[in-house]
Participant: 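The structure under discussion is supplied below as structure tokens; questions concerning it will follow.
The figures here come from the full heavy-atom set of this structure, side chains too, leaving out hydrogens, waters and symmetry mates. Count residues from 1 along the sequence. Indexing begins at 1, ligand by ligand and atom by atom, following the structure's order.
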Amino acid sequence: MPDAGRAIEVCADPEAVADAAARRFVKTAARAVARQGRFSVVLAGGSTPGRLYRKLGAAPYAGAIDWDRVEIFWGDERDVPPDDAESNYRMAVENLLSRVQVPPRNVHPIHIAGQPQDAAHDYETVLQSFLERPPGRFDLVLLGLGDDGHTASLFPGTEAVRRAVAHQGDTSRRVAAQFVEKLGAWRITLTPAVINQAAQIIFVVTGQPKADTLAAVLQGPYRPLQLPAQLIHPRQGELIWMLDSPAAHLLKDFNRDQC
Ligand code: 6PG
């Protein structure tokens, strides 16, 4: 897996990882607002980012971000209503967006109504109109890692992953809906192509249960059909893996950034 432009930062525990990720978020946001007057971020779902989002919604980080200029998107969503306990939108609202003042027009959830394919098509339109404006890419994409090597809702063996492996340069599709056999559920996900166009991509991965998968993704053979997170490498941007020691303990001989 190409490691150009890839950094690995290892902190002692999830709390330290969340603080370090919050510091990077603040810095990236300030840089984007200074450069272009706004900062666009794609939020990750799942449970890991909750700690980071709560930190961003509180001192000292909340006051260091110009929330009025922040545009919020999601990397994936479950096929559930926005008030469902499984909803990534709800998780972000509970942990962050209910605590800071982002203008409602700047909050772009994946709208789940009717067929999953319709949700994907609708979000494709949302992204199309946003990415038509400069700089034409997201400033930051936050991602997690599943213990099967998935990221966002790019699960092993799914159509979006097969398509991405077959057509690595294909940027025609930004959003995909797919039935995930192992979950017995539909998911809507951004494609690797649109993620890889981002200026900065940050994976936040903590906990010993992720260690084997993390070592396979970062230091094992390149096999993206089985480990879709290996499809994530920015075309012209920065990739940062923010890990705690238990998750990183199987990694060998790498340049670790000091947390
Ligand atoms: C989701 C996420 C998914 C998540 C991983 C890790 O919707 O579940 O987008 O990609 O990041 O499954 O989840 P945890 O953080 O809960 O381990």
Side-chain angles (χ1 to χ4, degrees), residues 11 13-15 17-18 21-22 25 41-56 72-96 108-112 116 119-120 123 138 140-158 160-161 164 174-192 194-196 198 201-218 224 226-232 239-244 246-248:
C11 306
D13 54 36
E15 193 64 11
V17 172
F25 187 106
V41 56
V42 176
L43 298 182
S47 57
T48 303
R51 194 186 295 265
L52 167 59
Y53 298 164
R54 286 191 296 278
K55 282 191 179 289
L56 291 170
I72 304 273
F73 298 84
W74 275 259
D76 68 324
E77 190 54 274
R78 290 85 181 273
D79 186 22
V80 295
D83 58 356
D84 190 288
E86 284 296 302
S87 164
N88 286 336
Y89 167 77
R90 174 175 160 175
M91 189 274 277
V93 169
E94 283 179 345
N95 290 288
L96 175 57
H108 309 281
I110 298 173
H111 183 58
I112 303 293
Y123 213 55
F138 293 119
L140 172 60
V141 175
L142 295 173
L143 293 172
L145 178 69
D147 56 14
D148 59 356
H150 82 263
T151 189
S153 282
L154 297 163
F155 284 83
T158 53
V161 170
R174 297 186 172 104
V175 188
Q178 46 201 352
F179 187 76
V180 183
E181 291 297 338
K182 72 176 280 189
L183 303 177
W186 282 89
R187 289 287 188 94
I188 293 89
T189 185
L190 265 54
T191 61
V194 70
I195 293 170
N196 287 335
I201 301 169
I202 297 179
F203 276 93
V204 181
V205 185
T206 60
Q208 194 279 331
K210 301 283 176 80
D212 285 315
T213 305
L214 191 65
V217 167
L218 288 179
Q226 292 79 26
L227 297 170
Q230 290 186 328
L231 287 166
I232 304 304
L239 173 59
I240 304 163
W241 289 82
M242 302 199 73
L243 316 172
D244 70 354

Participant: Distance from His111 atom NE2 to Glu77 atom CD, nearest 0.5 Å?
Facilitator: 11.5 Å
Participant: How long is the gap from CG on Leu143 to NE2 on His150, to the nearest 0.5 Å?
Facilitator: 10.0 Å
Participant: OH/Tyr123 to CD1/Ile188 distance, rounded to the nearest 0.5 angstrom?
Facilitator: 11.0 Å
Participant: In Å, rounded to the nearest 0.5 Å, how long is the span from CG of Leu227 to CG of Leu214?
Facilitator: 11.0 Å
Participant: Run the side chain to side chain contact (heavy atoms under 4.5 Å, CB included) check on Phe138 and Leu190 step by step: do they pass?
Facilitator: CA-CA 12 Å; Phe138 293 119; Leu190 265 54; 4.1 Å; yes
Participant: Mind checking what residues have non-hydrogen atoms under 4.0 angstrom from ligand 1?
Facilitator: Gly45, Gly46, Ser47, Thr48, Asp76, Arg78, Asn88, Gly144, Leu145, Gly146, His150, Thr151, Ala152, Arg187, Lys210
Participant: Less than 4.0 Å between a side-chain N and a carboxylate O, is that true for Asp84 and Arg78?
Facilitator: no
